[in-house]
Visitor: 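Here it is: the structure, laid out below.
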2 protein chains.
Amino acid sequence: MTVRNDAEPTQQRRMSAVPTIHDVAAHAGVSPMTVSRVLAGGTSVRPAKMERVLAAVAELGYRKNENARSLRPGQRTGLIGVIITNVSNPYYAELQLGVEEVLSAENIRLLVGNSGEDPARERQLVADFIGRHVDGLIVVPTGGDTSHLSERSLGSIPLVLASRELEGIEADTVVIDDVKGAFEGTSQLISEGHTRIAYLGNMVSVFTSKRRYDGFEKAHKDAGIEVVPELVRAGQRDPATAQDAMEELLQLPDPPTAVFSANNRNTIGVLRALRSNALSFAQPGETAPRSDIRVVGFDNFELSDMMPFLLNVIEHDARELGRQAGKLLVRRLRENNNDAPRKVQLPTHLRI
Amino acid sequence: MTVRNDAEPTQQRRMSAVPTIHDVAAHAGVSPMTVSRVLAGGTSVRPAKMERVLAAVAELGYRKNENARSLRPGQRTGLIGVIITNVSNPYYAELQLGVEEVLSAENIRLLVGNSGEDPARERQLVADFIGRHVDGLIVVPTGGDTSHLSERSLGSIPLVLASRELEGIEADTVVIDDVKGAFEGTSQLISEGHTRIAYLGNMVSVFTSKRRYDGFEKAHKDAGIEVVPELVRAGQRDPATAQDAMEELLQLPDPPTAVFSANNRNTIGVLRALRSNALSFAQPGETAPRSDIRVVGFDNFELSDMMPFLLNVIEHDARELGRQAGKLLVRRLRENNNDAPRKVQLPTHLRI
DNA sequence: TTGTACGCGTTATCAG
DNA sequence: CTGATAACGCGTACAA
């Protein structure tokens with residue numbers, strides 16, 4: 001017989017701590033095993049006992065200890081780790097929402113961490129999540145050293161890369177069609193007659209930035225013109241630095257006539273720079289600042305349609321990206337197979 | 001002696017599954033207990049063995065199983081549950097970031113769930129998080145039935161309410177000074193001579209909405225004027241419905257001359273309505289739409305300063321709110337005490 | 001300094 | 001249909 005603590009331990013515990021399956025069993029006058037069976041679906045349990053057990057569960061407010069359950073071999077934790085570079089970027093918040101939407105339907109919970117674009121932090125989060133025995137990982141990778149995401153390091157934990165691919169890492173991946181999107185956006189500018197088009201974006205070491213720059217370049221090439229090196233500014237990660245970069249461009253002897261911005265952070269910086277260079281901002285009864293500089297920006301963002309400048313955005317669906325990432329992971333978990341990694345590429349749309 | 005599975009089980013396991021403390025011990029030629037000691041800080045372990053253990057840990061990529069560890073009595077999971085009404089609202093994304101900032105410094109991980117303002121979903125998430133034995137909860141409560149957040153139901157799990165209080169629930173709480181913020185914003189409009197001021201906000205059953213409406217009302221009373229009932233629209237939860245509500249107001253025989261919007265979702269709807277009622281939107285070289293309707297909105301939002309209408313926002317710091325919530329929880333966790341619940345109220349600032 | 005025994009809460013297995 | 005047993009990975013208590 002299993003002795004618990006001392007005298008009347010069950011009584012004592014029930015007062016303060018979380019009730020266990022033993023408490024429920026005692027309360028219902030059955031064995032823990034019967035309780036377990038009832039909670040697992042109630043197959044082959046006498047209806048009378050079943051009711052008693054359910055009553056005890058309700059009365060005690062019993063909840064299965066998921067951590068203990070997952071300890072048993074072959075059992076999952078029902079937990080997946082989600083590592084995002086920056087939730088304060090609404091784009092990634094949407095992505096998180098998409099992931100949650102799909103996974104919560106599977107009764108899987110999200111362990112969420114912010115890497116802040118710091119590879120060391122990402123590595124730390126991965127290590128921690130592994131220690132918590134997550135069933136899978138969804139990562140927006142920062143790039144750089146990727147050894148912590150290698151198959152050797154992850155073992156059998158399935159990984160889905162979201163938004164960015166990683167060289168040398170074979171994993172299910174969801175990306176958007178960055179190259180095509182950037183190509184279309186840039187081509188639009190060129191078709192309007194622009195030849196001195198500025199580029200603003202993140203460091204080219206970032207997967208998406210590289211691809212978007214490639215599309216920018218390809219549009220030039222296809223049109224038979226060349227990218228103007230002095231108009232290329234890569235490395236801005238937030239609106240403030242993007243604004244600075246744009247201000248600089250505006251000071252050039254021969255400034256750009258159009259701007260291609262590779263992400264919403266940069267686009268916002270660009271717009272702020274344009275505004276601060278106009279004489280005044282639209283106030284009731286005043287004239288809007290003029291800007292003869294055409295702007296096309298990658299990523300849609302809330303209120304992009306309310307900007308006081310003409311702006312075309314290359315939109316794509318962050319929530320859908322999150323959903324797809326979730327679906328890929330769920331599929332992996334269900335099939336538990338060794339199929340080749342799947343790549344999903346989502347379309348973009350130039351909103352005119 | 002502890003028999004594992006069959007013949008050479010350790011060998012087999014090391015190939016595929018996650019290594020356990022036994023595998024490390026075998027690899028280093030010590031007992032599991034020594035490994036545990038080394039990982040716990042390495043007190044009273046011979047340096048030579050310690051090194052062997054650390055080497056084995058590194059080689060096998062061993063990570064402590066946190067779930068198993070937390071099973072022992074008195075041990076924490078290092079997990080806290082965060083329930084947010086809607087991460088796609090950038091305000092709450094910031095809040096999440098603030099929470100994470102504080103808790104990751106304590107090496108605590110976040111289990112994140114979206115309630116979507118659905119009390120049933122919130123209840124389900126709480127139940128699940130309790131089953132995972134979170135050390136604490138941070139909740140932006142939806143309101144309605146709150147029994148799942150009662151002390152009786154939560155037992156000894158500390159709870160922090162963020163952004164909204166809950167009647168009948170005694171818990172640490174962080175809110176912003178909604179009443180004062182709304183009062184100042186409304187007073188500003190009144191001081192400019194407006195007397196027919198519209199109110200747009202969420203249902204008054206939501207804590208913050210109620211408080212903001214109170215501030216709106218108080219400003220009227222203090223100025224000796226009355227709220228105009230036909231200009232009050234409560235119940236809009238997203239920009240689209242807010243836009244509809246505002247369009248209606250604009251159709252009134254005697255429309256409002258100013259608008260007080262109680263949150264950023266409504267403010268955006270208001271601005272869209274104003275724009276769609278103007279003849280044209282600012283394009284390069286065009287005139288900005290005129291709007292003689294003054295707008296003051298609760299909550300700041302990205303690009304609020306770039307709107308093509310005059311707009312004053314009542315700003316407050318969502319990330320700081322998240323940080324404070326995190327700090328309150330950490331304090332509770334550390335002190336493990338029964339102090340009376342603490343209330344933190346953060347200031348607002350009317351940006352002119 | 002090091003190792004053994006045991007129990008945390010759960011469930012698969014097998015006996016009844 | 002039901003219950004006793006054992007084991008999951010770890011760490012406390014105690015023994016050596």
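Residue numbering restarts at 1 for every chain, and letters A, B, ... go by the order of the sequence lines.
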Visitor: Side chains of B/R123 and B/S147: donor-acceptor distance under 3.5 Å anywhere?
Guide: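 A donor-acceptor contact under 3.5 Å links the two side chains.
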Visitor: Separation of A/L71 atom CG from C/dC8 atom C1', in whole Å?
Guide: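 Rounding to the nearest Å, CG of A/L71 and C1' of C/dC8 are 9 Å apart.
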Visitor: Expressed as a whole number of angstroms, how long is the span from B/I21:CD1 to D/dG9:P?
Guide: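 Computing the B/I21:CD1 to D/dG9:P distance gives 11 Å.
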Visitor: Only pairs under 3.5 Å count here: list side-chain donor-acceptor contacts from residues 78-87 of chain B, not counting sequence neighbours, and write none if there are none.
Guide:
| from | atom 1 | to | atom 2 | distance (Å) |
| --- | --- | --- | --- | --- |
| B/N86 | OD1 | B/S88 | N | 3.0 |
| B/N86 | OD1 | B/S88 | OG | 2.9 |
| B/N86 | ND2 | B/S88 | OG | 3.4 |

Visitor: Starting at the 5' end of DNA chain C, which residue's closest nucleotide do you reach first, A/A68 or A/Q75?
Guide: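 It is A/A68, whose closest nucleotide lies nearer the 5' terminus.
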Visitor: When the distance from CG of A/L60 to P of C/dG9 is rounded to whole Å, what number comes out?
Guide: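 To the nearest whole Å, that distance equals 14 Å.
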Visitor: C/dC8 P sits how many Å from A/H22 NE2, rounded?
Guide: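 Rounded to the whole Å, the gap is 8 Å.
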Visitor: Tell me whether B/R164 is salt-bridged to B/E117, with the criterion being a basic N under 4.0 Å from an acidic carboxylate O.
Guide: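 Salt bridge between B/R164 and B/E117, a charged N being under 4.0 Å from a carboxylate O: yes.
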Visitor: Report for the helix from C/dT1-D/dA16 to C/dG16-D/dC1: angle between first-end and last-end helix axes, five pairs each, rounded to 10 degrees.
Guide: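 About 50°, once rounded to a multiple of 10°.
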Visitor: Rounded to the nearest 0.5 Å, what separation is found between the NE2 atom of A/H133 and the CG atom of B/N67?
Guide: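 A/H133 NE2 to B/N67 CG: 7.0 Å, rounded to 0.5 Å.
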Visitor: Quick check for you: to the nearest 0.5 Å, what is the distance between B/I130 atom CD1 and B/S153 atom OG?
Guide: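 It comes to 5.0 Å.
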Visitor: Out of D/dC10, C/dC8, D/dA7, which has the shortest distance to the side chain of A/R72?
Guide: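 Of D/dC10, C/dC8, D/dA7, D/dA7 is nearest to the side chain of A/R72.
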Visitor: Quick one: B/E66 CD to C/dG9 C1', roughly how many Å, whole number?
Guide: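 These atoms are roughly 17 Å apart.
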Visitor: Work out which heavy atom in A/L161 is nearest to a heavy atom in A/I169; give both atom names and the distance.
Guide: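 Of all heavy-atom pairs spanning A/L161 and A/I169, the closest is CD1-CG2, 4.3 Å.
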Visitor: Apply salt bridge (Lys or Arg N to Asp or Glu O under 4.0 Å) to residues A/R76 and A/E106 and explain how you reach the verdict.
Guide: CA-CA 13 Å; A/R76 296 196 159 141; A/E106 302 282 327; over 6 Å; no
Visitor: Between N or O atoms, less than 3.5 Å apart, protein on one side and nucleotides 2-4 of chain C on the other: list the pairs.
Guide:
| from | atom 1 | to | atom 2 | distance (Å) |
| --- | --- | --- | --- | --- |
| C/dT2 | OP1 | B/R46 | NE | 3.2 |
| C/dT2 | OP2 | B/R46 | N | 2.6 |
| C/dG3 | OP2 | B/S31 | N | 3.3 |
| C/dG3 | OP2 | B/S31 | OG | 3.1 |
| C/dG3 | OP2 | B/T34 | OG1 | 2.6 |
| C/dG3 | N7 | B/R37 | NH2 | 2.5 |
| C/dG3 | O6 | B/R37 | NH1 | 3.4 |

Visitor: Rounded to the nearest Å, what distance is computed from the CZ atom of residue A/R69 to the C1' atom of nucleotide D/dC8?
Guide: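 My rounded result for the distance is 12 Å.
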Visitor: Figure out the NZ/C1' separation between B/K64 and D/dC8, and round it to whole Å.
Guide: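 So the two atoms are 18 Å apart, to the nearest Å.
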Visitor: Once you round to the nearest 0.5 Å, how far does CD1 of B/I157 lie from CG of B/L137?
Guide: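 Spacing of CD1 (B/I157) from CG (B/L137) equals 6.0 Å.
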Visitor: A/L39 has an atom CG; how far is it from atom C1' of C/dA12, in whole Å?
Guide: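 After rounding, the gap between these two atoms is 16 Å.
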Visitor: What heavy-atom pair brings B/I138 and B/A162 nearest, and what distance separates the two atoms?
Guide: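 Taking every non-hydrogen atom into account, CG2-CB, 4.3 Å.
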